[in-house]
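Order of the sequence lines fixes the chain letters, A, B, ..., with proteins taken first and strands second; residue numbering starts at 1 for each chain.
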2 protein chains.
Amino acid sequence: MLRLTRRSEYGLMALAYLASRPREYCSVREIVEELKLPKRLLAEVLKDLSRAGTVEATRGPGGGYRLVRSAEELPLARVVEILEGPVAMTDCMAQTCELEASCIIQTGIGRVTSSIRNVLEDMTVAELLPASSEAPLAV
Amino acid sequence: MLRLTRRSEYGLMALAYLASRPREYCSVREIVEELKLPKRLLAEVLKDLSRAGTVEATRGPGGGYRLVRSAEELPLARVVEILEGPVAMTDCMAQTCELEASCIIQTGIGRVTSSIRNVLEDMTVAELLPASSEAPLAV
DNA sequence: TCGAAAAGCACCGAAATAGTGCTAAAATAC
DNA sequence: GTATTTTAGCACTATTTCGGTGCTTTTCGA
Ligand code: SF4
Ligand code: SF4
């Protein structure tokens, strides 16, 4: 069904939350209390996002995570790639497939995959938030 | 990674093959020989497509499957829905999700899901085939 | 009546996913 | 310096999904 993994979903939720608190460090504890997510799992996800450079972290009391760039500059595709790997509908779009020789839909699938990639690259985390939500996104 | 299942992939390949042999009954044996797919699995997939009415079958020697309508009228979304269930990036797009109360991205995710649905509804099995569509491909 | 083919059902094993445990390192506060 | 808060890193388990198969029945044509 072309499902997002929970990791991606939680990650996007957390990033959207961070987007609503610009420049502020938010701890995992705070985020999971607000969003009601499994704490350890979200921690794992944010670690990955941190390693990948979409959020930055500080430790200790008052620490937490915040966005490195504004949410308008963070396409969904980027997040999904970090948390799940390349956006690809089939093997051949990411690695190789041993059926390529006899496959009659590869090029067609390539086109669909591109379209879906475009959707995910054109939409940003900022656009995930409902129109008049929480806070302005000004920096 | 938003992957298609193998069932969908095999299904699409088989349908594309049938599209290249209009009105002709093709047996599972013939199709898997041509496309090098696992026989029993493709049989299972075609059964599902048959139940759903996108292909029709006749049994016995010379039997097999063929498209009910032309491939131009068969959107990818239809095939994926039959073989995997509703096209939905998240639970809430298909059933319900117990996080909906605190979820801040649901509406946003809804928009992305719609876009992806549109991509899959706008593209048909006919368009999967490489440029010279109707040309029989084997030999 | 025989063989080719789909239909139906049930099952197994492997892989991906969701989620947790535990320890270390850094930043802060006293 | 010690305690506390918080991220970092690693490894592991449990569950679910998925890919694939076995076997029997039904239908059809020759
Ligand atoms: S589309 Fe064809 S080539 Fe690509 S992964 Fe699927 S079978 Fe392999
Ligand atoms: S987007 Fe929000 S409401 Fe929808 S499934 Fe994910 S968590 Fe639940």
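- Around CZ of A:Arg69, the count of heavy atoms belonging to other residues, nucleotides or ligands within 6.0 Å does not exceed 12.
- Using a 4.0 Å heavy-atom cutoff across all strands shown, B:Tyr25 reaches no nucleic acid atom at all.
- Proximity note for B:Arg6 (side chain, C-beta onward) versus D:dA8, D:dG19, C:dA18: the nearest is D:dG19.
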Grab the N/O contacts between the protein and nucleotides 26-30 of chain D below 3.5 Å, and write none if there aren't any.
residue: D:dT26; atom: O2; partner: B:Arg59; partner atom: NH1; Å: 2.6
residue: D:dT27; atom: O4'; partner: B:Arg59; partner atom: NH1; Å: 3.0

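- Residue B:Ser50 places at least one side-chain N or O closer than 4.0 Å to OP1 or OP2 of C:dA7.
- OP1 or OP2 of C:dA6 has not a single side-chain nitrogen or oxygen of B:Arg51 nearer than 4.0 Å.
- Taking the side chain of B:Pro38 as heavy atoms from C-beta on, and the options C:dA6, D:dG20, C:dG19, the nearest nucleotide is D:dG20.
- Note on A:Arg66 versus A:Glu56: salt bridge recorded, some NZ/NE/NH1/NH2 to OD/OE distance being below 4.0 Å.
- When all heavy atoms are compared, the tightest approach of B:Leu120 to A:Met89 is CD2-CE, 4.3 Å.
- Ranked by how close their nearest DNA chain D nucleotide is to the 5' end, A:Gly64 and B:Arg7 are led by A:Gly64.
- Residue B:Ser27 places no side-chain N or O under 4.0 Å from the OP1 or OP2 atom of C:dA4.
- The base of D:dC18 does not come close enough to the side chain of B:Glu84 for any donor and acceptor atom to sit less than 3.5 Å apart.
- Remark: B:Tyr10 is not in phosphate contact with D:dC18, judged by side-chain N or O atoms under 4.0 Å from OP1 or OP2.
- Comparing D:dG20, D:dT7, C:dA10 against the side chain of A:Val28 picks out D:dT7 as the nearest.
- When only modelled atom types and interatomic distance are considered, B:Thr5 and B:Glu84 share a side-chain donor-acceptor pair under 3.5 Å.
- The side chain of B:Arg29 places an N or O atom within less than 4.0 Å of a non-bridging phosphate oxygen (OP1 or OP2) of C:dA5.
- Using modelled atom types, one finds no donor on one side chain facing an acceptor on the other under 3.5 Å when comparing A:Glu9 with B:Thr90.
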